Number of protein chains: 2
Amino acid sequence: MQNKEIARRVRLFIETCRRHQLKITPQRVGIYRVLIQSQRHPTADLVFRVVKKEFPNISFDTVNRTLSTFAEIGVLDVVETFGGPKRFDPDITDHHHLHCMACGRIIDFEYEGYARLEVPKAIATTFKVISRRVVLKGLCDTCTAKQQMF
Amino acid sequence: MQNKEIARRVRLFIETCRRHQLKITPQRVGIYRVLIQSQRHPTADLVFRVVKKEFPNISFDTVNRTLSTFAEIGVLDVVETFGGPKRFDPDITDHHHLHCMACGRIIDFEYEGYARLEVPKAIATTFKVISRRVVLKGLCDTCTAKQQMF
DNA sequence: TCTTAAATAGGATTGATTCCTATTTGTCAA
DNA sequence: TTGACAAATAGGAATCAATCCTATTTAAGA
């Protein structure tokens with residue numbers, strides 16, 4: 001990601017914080033910068049270890065609390081998992097997920113065919129849908145290859 | 001659920017265990033019986049507390065390990081969550097989920113319109129899809145009502 | 001500046017899961 | 001039916017994740 005693009009997104013992020021009456025702290029900006037440059041779907045611990053390089057005194061609690069705050073104001077998503085630590089997704093645009101059941105990898109994909117997953121009428125009346133996602137479980141290519149070795 | 005239906009499913013379950021060279025222990029059968037009669041999506045701890053009534057000496061580890069074993073042989077599903085303890089689903093037929101972001105409730109639904117979620121060709125070549133599910137995040141009626149009180 | 005509520009650091013606590021090991025038990029073959 | 005053995009269990013210890021607690025620091029508006 002270009003420095004220019006990072007700066008642009010940080011500016012937008014700061015806007016969002018202000019709109020929600022959140023103080024702009026160096027820790028929050030640092031965490032946000034790590035997040036948007038991280039490999040997809042990091043855990044709080046992973047973010048913590050990376051941020052620690054820039055802020056050696058930062059605590060895990062701050063990172064974790066901050067990530068939850070970011071989720072609340074819509075700066076990131078908590079993604080669905082099948083157990084294990086929470087995982088966060090800085091990509092809040094519509095997309096779908098493949099979950100490898102063997103290695104736990106989550107792979108993003110976009111697909112025109114799922115673009116308008118209409119919500120059944122019966123549900124729309126009793127449930128307020130905020131986001132929709134197709135989750136495909138299975139085996140990624142690496143794990144399929146490994147299985148065939150036996 | 002009728003006793004007859006339970007007996008039928010237990011027989012099928014025992015078949016499945018045999019196919020996978022798993023021993024038929026009273027604990028496994030007990031856990032399976034609790035599972036198919038439980039409210040949907042119980043945690044290991046919930047299953048443990050119920051099974052404990054019939055097997056006072058059973059350990060949490062046995063319940064938890066057994067549930068994982070059941071998932072491996074396809075007797076149940078581990079369902080997607082957004083953090084918190086693992087949750088298991090005895091309903092392995094195709095269905096979809098609503099997740100209430102406020103109370104964490106998971107509501108099953110079936111929908112004709114999602115019946116044939118075709119897998120994009122580009123993905124089918126590199127990823128072996130085993131199950132597909134639409135996950136809708138939002139607010140259930142109870143939580144929507146609560147929010148409007150403020 | 002000054003004030004104040006919000007945020008942070010760091011350690012303690014809680015909760016969930018897995019690991020370890022001695023003991024028990026289902027299964028299969030004799 | 002019995003004996004042998006690998007698999008499974010019980011119970012406690014250890015690990016990992018998340019949250020709580022509180023003294024201290026800090027961002028932001030007056």
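Each chain gets a letter, A, B and so on, in the order its sequence line appears, and its residues count up from 1. Just so we're clear, the structure is a prediction, and the values are computed from it rather than from any experiment.
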Interatomic distance, [X] [atom1] vs [N] [atom2] [rounded to whole Å]:
{"X": "B:I14", "N": "C:dG26", "atom1": "CD1", "atom2": "P", "value": "13 Å"}
{"X": "A:R87", "N": "D:dA17", "atom1": "CZ", "atom2": "C1'", "value": "14 Å"}
{"X": "B:F55", "N": "C:dT25", "atom1": "CZ", "atom2": "C1'", "value": "14 Å"}
{"X": "B:I58", "N": "D:dA8", "atom1": "CD1", "atom2": "C1'", "value": "11 Å"}
{"X": "B:F82", "N": "D:dA18", "atom1": "CZ", "atom2": "C1'", "value": "18 Å"}
{"X": "B:F48", "N": "C:dG15", "atom1": "CZ", "atom2": "C1'", "value": "14 Å"}
{"X": "B:E72", "N": "D:dA8", "atom1": "CD", "atom2": "P", "value": "11 Å"}
{"X": "B:K86", "N": "D:dA17", "atom1": "NZ", "atom2": "P", "value": "13 Å"}

Whichever of B:F60 and A:L22 has its nearest DNA chain D nucleotide further upstream toward 5':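 Mapping each residue to its closest nucleotide by heavy atoms, the 5'-most match is B:F60.
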Are OP1 or OP2 of [N] and a side-chain N or O of [X] less than 4.0 angstrom apart?
{"X": "A:Q27", "N": "C:dA9", "value": "yes"}
{"X": "B:Q21", "N": "C:dT27", "value": "no"}
{"X": "B:T25", "N": "D:dT9", "value": "yes"}
{"X": "B:R65", "N": "D:dT9", "value": "yes"}

Could one point to a donor on the side chain of A:D61 or the base of D:dC20 with an acceptor on the other under 3.5 Å away?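 Yes.
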Among [options], the nucleotide that comes nearest once only the side chain of [X] is considered:
{"X": "A:R28", "options": "C:dT8, D:dA8, C:dT18", "result": "C:dT8"}
{"X": "A:R18", "options": "C:dG26, D:dA18, D:dA28", "result": "D:dA28"}
{"X": "B:P85", "options": "C:dA7, C:dT17, D:dA10", "result": "C:dT17"}
{"X": "A:K23", "options": "C:dA9, C:dC19, D:dA27", "result": "D:dA27"}
{"X": "B:S59", "options": "D:dA8, D:dT19, D:dG11", "result": "D:dG11"}
{"X": "B:T62", "options": "C:dT17, C:dC20, D:dT9", "result": "D:dT9"}
{"X": "A:I24", "options": "D:dA18, D:dA28, C:dA7", "result": "D:dA28"}

Once you build an axis from the first five pairs and another from the last five of the helix from C:dT1-D:dA30 to C:dA30-D:dT1, how far apart in angle are they, to 10 degrees?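 Inter-axis angle at the termini of the helix from C:dT1-D:dA30 to C:dA30-D:dT1: 40°.
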Quick one: on DNA chain C, does A:T66 or A:G83 contact a more 5' nucleotide (nearest heavy atom)?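 Its nearest nucleotide lies further toward 5', so the answer is A:T66.
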Without swapping roles, check the side chain of [X] against the backbone of [Y] for a donor-acceptor pair under 3.5 Å.
{"X": "B:Q37", "Y": "B:R33", "result": "yes"}
{"X": "B:R87", "Y": "B:T43", "result": "no"}
{"X": "B:T69", "Y": "B:R65", "result": "yes"}

More than 12 heavy atoms from other groups under 6.0 Å of [atom1] on [X]:
{"X": "B:D94", "atom1": "CG", "result": "no"}
{"X": "A:E112", "atom1": "CD", "result": "no"}
{"X": "A:K137", "atom1": "NZ", "result": "yes"}

Could you check, using the six-membered ring where one of them is a Trp, whether B:H41 and B:F88 have ring centers closer than 6.0 angstrom?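 Distance test on ring centres: not under 6.0 Å, no.
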Examine A:K86 relative to B:F82 and say whether NZ or CZ is less than 6.0 Å from the centre of the six-membered ring and inside a 45° cone about the ring axis.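 The answer is no, since A:K86 fails at least one limit relative to B:F82.
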What orientation do A:F13 and A:Y32 show, parallel under 30°, tilted 30 to 60°, or perpendicular over 60°?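 Judged by the thresholds at 30° and 60°, the geometry between A:F13 and A:Y32 is parallel.
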Determine the contact category for B:N64: base if any of its heavy atoms lies under 4.0 Å from a base atom, sugar-phosphate if only primed atoms, P, OP1 or OP2 are that close, otherwise nothing.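 It contacts base atoms.
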Mind checking A:P56 for me? I need base, sugar-phosphate or nothing, with any heavy atom below 4.0 Å counting as a touch.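 Contact class for A:P56: none.
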